[in-house]
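The structure appears right after this line, and notes come after that.
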Amino acid sequence: MTPQPTAGPDGAVETVFRMEFPRVVAAVARIVRDVGIAEELAQDALVAALERWPRDGVPDNPGAWLTATARHRAVDLVRRRETYARKLAGIGRDQATATAPPEEPADPDDIDDDLLRLVFTACHPVLSAEARTALTLRLLGGLTTAEIARAFLVPETTVAQRIVRAKRTLARKNVAFEVPYGPDRDARLGSVLDVIYLIFNEGYAATAGDDWLRPALCEDALRLARVLSGLMPKEPEAHGLTALLEFQASRTAARTGPDGEPVLLADQNRSRWNRMLIARGATALARADAVASGPPGPYVLQAAIAACHAHAYRYEETDWHRIAALYGLLAARTPSPVVELNRAVAVSMADGPEAALALVDALSTEPALRDYHLLPSVRGDLLSRLGRTKEAREEFTRAADLAGNAREREMLRRRAEGAGR
């Protein structure tokens, strides 16, 4: 089990664990070539921090301290192996180039990015799609099994089993820690895109904890999306995902209030939206359209929806009819109860809450949405707009009880209290 830091000088241990754990795992995996062992060594470094920092003080660069500690342990492990001489020579070359890696590769076939290697390794086809995503969220995102379970809408025990089996499979199959080339890279792109998207979502609206936003996860996901679109300039979905994340990231500064509380889309100060990121999103979406040879994929469609929001300078100017139509195309392309729930929201704005309520009620029996807090949240909003105050209050209360994030739970309780006012 992953040790969960709960204390440390000024909370530094927990903060660094959340922010640096993926990078530590990736750096160590490059040495030991085994993601399971790399995670264990990263956890050992965390334990060392929990022991030493309260006594010796927090290092000036705590992330570098963790990485160096884990690397030393990795080197010691390799030295104990039979292939000592060959592997130690490789470690020396890695360490010589690892101090200042380029942020993006100059050559698409020469990738020097440990995090990207980690993503493609965890998304190897020897693993199921579910296992790939769970493992990468665990290793790259540093998420707990509980947080991943909420992202997947599945039991926590299921996620834990997927992660354990995935690491064992990679070790048993001796999967190389590398970015694939040619057809292998194309084959793995879909699951890599899905993983990056889920990582961004966890940072954009955290499923658990006290913070609504986890910007470091968003930044990592956006950076990886940009790298991928550079690697695959003729792949519209890579550009589509990049566009989507650029648009979404542009709202970050407006999504929380002074005390970190969530701010709903309708209430956001759009002057705080990052127009540079919106312009980058528009450019990426144009690239996706330029290289497309068929119907738009799911990420291109979601980027087009995000563009509708981004280009509306006021909430009242939002083209909800176009958004509802795009969600209809997305539902046909990738059927999902969550997509249908989002489509219902758009329909409520385009055609009124009564039309949307029928769509939401039809989703009430979906097993995947049984514990999904946004279903009663959306239903509460529709009922409130219809003047059905008592029912709306009950739905917001139920949504608050289901919400795993403390900030979101507080917001939903406030909505329950204010229903009908």
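Below, all heavy atoms of this structure are taken into account, side chains as well, without hydrogens, waters or symmetry copies.
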Would Tyr313 and Arg270 count as a side chain to side chain contact (heavy atoms under 4.5 Å, CB included) if you check the C-alpha gap in whole Å, the side-chain angles of each, and the deciding distance to 0.1 Å?
CA-CA 7 Å; Tyr313 283 87; Arg270 300 194 175 205; 6.0 Å; no

Checking Ile31 against Arg71 for the side chain to side chain contact (heavy atoms under 4.5 Å, CB included) test, could you report, in this order, the C-alpha distance in whole Å, the side-chain angles of both residues, the deciding distance, and whether it holds?
CA-CA 8 Å; Ile31 297 172; Arg71 277 180 178 274; 3.6 Å; yes

Should Met349 and Val347 be marked as a side chain to side chain contact (heavy atoms under 4.5 Å, CB included) after you check the CA-CA gap, both sets of side-chain angles, and the distance that decides it?
CA-CA 5 Å; Met349 300 305 298; Val347 168; over 6 Å; no

Is there a side chain to side chain contact (heavy atoms under 4.5 Å, CB included) between Glu20 and Val25? Walk through the geometry before answering.
CA-CA 9 Å; Glu20 301 296 336; Val25 172; over 6 Å; no

Check the pair His309, Trp320 against ring pair (Phe, Tyr, Trp, His ring centres under 6.0 Å), reporting the backbone distance first and the verdict last.
CA-CA 9 Å; His309 293 293; Trp320 289 107; 5.4 Å; yes

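At least one side-chain heavy atom of Thr145 sits under 4.5 Å from a side-chain heavy atom of Ile163. The shortest distance between side-chain heavy atoms of Leu402 and Pro376 falls below 4.5 Å. Looking only at side-chain heavy atoms (C-beta outward), Glu340 and Glu366 stay at 4.5 Å or farther from each other. Using a 4.5 Å heavy-atom cutoff, the side chains of Glu408 and Leu412 are in contact. Counting heavy atoms from C-beta on, the side chains of Thr136 and Cys123 come closer than 4.5 Å. You'll find the side chain of Leu329 stays beyond 4.5 Å of the side chain of Pro296, heavy atoms only. Inter-residue side-chain proximity for Tyr327 and Val345 is flagged as unmet; no heavy-atom pair is nearer than 4.5 Å. Two residues are said to be in side-chain contact when any heavy atoms from C-beta on lie closer than 4.5 Å; Thr252 and Cys218 fail this criterion.
Comment: Arg398 does not engage Asp401 in a salt bridge, judged by the lack of any side-chain N to carboxylate O separation of less than 4.0 angstrom. At a threshold of 4.0 Å, the pair Arg314-Glu317 counts as salt-bridged, since one of the basic side-chain nitrogens sits closer than that to a carboxylate oxygen. Under the 4.0 Å criterion applied to side-chain N and carboxylate O atoms, Glu417 and Arg393 are not assigned as salt-bridge partners. Using a 4.0 Å cut-off between charged nitrogen and carboxylate oxygen, Glu261 and Arg414 do not count as a salt-bridge pair. Under 4.0 Å is where a charged nitrogen must lie from a carboxylate oxygen, and between Glu395 and Arg379 at least one such pair does. By the 4.0 Å N-to-carboxylate-O rule, Arg117 lies too far from Glu178 to be salt-bridged with it.
A pairwise comparison of heavy atoms in Ala166 and Ala131 identifies CB-CB, 4.1 Å as the closest pair. Across all their heavy atoms, Glu51 and Arg55 have their closest contact at O-CB, 4.3 Å. Contact record, Ala288 with Val300: CB-CG2, 4.0 Å, taken as the closest heavy-atom pair. Between Ala254 and Asn269, the shortest heavy-atom contact is CB-O, 3.7 Å. Between Gly257 and Val263, the closest heavy-atom pair is N-CG2, 3.5 Å. Closest approach of Arg33 and Phe177 over heavy atoms only: NH1-O, 3.2 Å.
In this structure, the separation between CZ on Arg223 and CZ on Phe200 is 14.5 Å, given to the nearest 0.5 Å. Rounded to the nearest 0.5 Å, atoms CG (Asp267) and CZ (Arg255) are 13.0 Å apart. Interatomic distance, CG of Asp114 versus CZ of Arg23, reported as 11.0 Å (0.5 Å rounding). Between Arg30 atom CZ and Thr121 atom OG1 the span is 11.5 Å, to the nearest 0.5 Å. Rounding to the nearest 0.5 Å gives a distance of 12.5 Å between CG of Leu66 and CG of Leu41. To the nearest 0.5 Å, atom CZ of residue Arg343 and atom CD1 of residue Ile305 are 11.5 Å apart.
Crowding of Arg275 atom CZ: a count of heavy atoms from other residues, nucleotides or ligands under 6.0 Å exceeding 12. Other residues, nucleotides and ligands contribute over 12 non-hydrogen atoms within 6.0 Å of the CG atom of Asp56. Atom CZ of Arg322 sits in a sparse spot, with 12 or fewer heavy atoms from other residues, nucleotides or ligands closer than 6.0 Å.
With hydrogens and angles disregarded, no donor-acceptor distance shorter than 3.5 Å links the side chain of Ser377 to the backbone of His373. Checked by atom type and distance alone, the side chain of His239 pairs as donor or acceptor with a backbone atom of Pro233 at under 3.5 Å. In this structure, Thr133 contributes its side chain and Ala129 its backbone to a donor-acceptor pair below 3.5 Å. Of the possible donor and acceptor atoms, none in the side chain of Arg132 sits under 3.5 Å from a partner among the backbone N and O of Ser191. Formation of a donor-acceptor pair under 3.5 Å by the Glu235 side chain with backbone atoms of Glu237 is found in this model. A distance-only check finds no donor-acceptor pair linking the side chain of Ser229 to the backbone of Thr242 [under 3.5 Å]. The backbone N or O of Ala403 lies less than 3.5 Å from a partner atom in the side chain of Arg409, making a donor-acceptor pair. Between the Asn342 side chain and the Val338 main chain, a donor and an acceptor come within less than 3.5 Å of each other.
Screening Asp194, Leu245, Ile196 for a side-chain contact (heavy atoms from CB on, under 4.5 Å) with Tyr299, the sole residue that qualifies is Asp194.
Checking Tyr315 against Gln268 by side-chain atom types alone, no donor-acceptor pair falls below 3.5 Å. When only modelled atom types and interatomic distance are considered, Ser348 and Arg385 share a side-chain donor-acceptor pair under 3.5 Å.
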